[in-house]
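Here the structure comes first, spelled out in structure tokens, and everything after it is commentary.
Just so you know, these numbers use all the heavy atoms, side chains as well, and skip hydrogens, waters and symmetry mates.
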Amino acid sequence: MKLFLTLKMYAFFLFKVPMILWCSPRINTIDNSSVTLTIPLNFLTKNHLGSMYFGALMVGVDLACGLLAFHLIKQSNQRLSLIFKDVNAQFLQRAEGSVRFECLEGALIQDMIQNAISSQERVSMPIPVKGILVSTNECVAEFTITLSI
């Protein structure tokens, strides 16, 4: 199932946002409450210091929140669009390995979707996402990305 979702995600990004494919993201889990995905540290995702490049970290944040929102929007059977308005990041330590991104705000995003449907207006909320070093399970960065539906 995870492989199928990852391949489906790759097909979408190949035509819509091909730059994301350079980061080789892998979906770990996705359900109505959360999503986790991993971006490996490799030649394409590391910076001059050997840690994960800022841009690769931002791709992980975008995907963690965005995939959860896409998943929940699809279930609503409504034609809704999403975009991100801003992002705030607090970098706690260098990401010197692969990073797992976690967005655990499915309930909040479902409420946003229902509010957008009932009000017929755009709804925006800040959504927290964490970046966790896979090898040590330590949080390397905390993000708040404003999702607009």
Nearest 0.5 Å please: distance from the OG atom of Ser33 over to the CD atom of Glu105.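 It is 10.0 Å, given to the nearest 0.5 Å.
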Can you see which heavy atom on [X] is nearest to which on [Y], and at what distance?
X	Y	result
Ile117	Ser76	CD1-CB, 4.2 Å
Ile20	Pro25	O-CD, 3.7 Å
Val59	Met19	CG2-CE, 4.0 Å
Ala95	Val140	CB-CG2, 4.1 Å
Gln78	Ile73	O-CG2, 4.0 Å
Ser81	Arg122	OG-NH2, 3.1 Å

Cluster check [X], [Y]: I/L/V/M/F/W/Y, side chain < 4.5 angstrom:
X	Y	result
Val87	Leu104	no
Met58	Phe84	yes
Phe43	Tyr53	no
Met125	Leu68	yes

Report yes if the side chains of [X] and [Y] come closer than 4.5 Å at any heavy-atom pair, otherwise no.
X	Y	value
Met112	Ile127	yes
Ile132	Glu102	yes
His71	Asn32	yes

Worked verdict on Glu96 versus Leu133 for side-chain contact (heavy atoms from CB on, under 4.5 Å): CA-CA 8 Å; Glu96 296 179 331; Leu133 197 59; 5.5 Å; no
What do the steps show when you test Leu41 against Val99 for side-chain contact (heavy atoms from CB on, under 4.5 Å), and what is the final call? CA-CA 7 Å; Leu41 181 67; Val99 176; over 6 Å; no
For Phe54 and Asn47, what are the C-alpha separation, side-chain angles and deciding distance, and is it a side-chain contact (heavy atoms from CB on, under 4.5 Å)? CA-CA 8 Å; Phe54 169 83; Asn47 63 22; over 6 Å; no
Should Leu63 and Val35 be marked as a side-chain contact (heavy atoms from CB on, under 4.5 Å) after you check the CA-CA gap, both sets of side-chain angles, and the distance that decides it? CA-CA 9 Å; Leu63 288 177; Val35 67; over 6 Å; no
Between Phe91 and Phe143, how do the two ring planes meet: parallel, tilted or perpendicular, split at 30° and 60°?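 Taking Phe143 first and then Phe91, their aromatic rings stand perpendicular (interplane angle over 60°).
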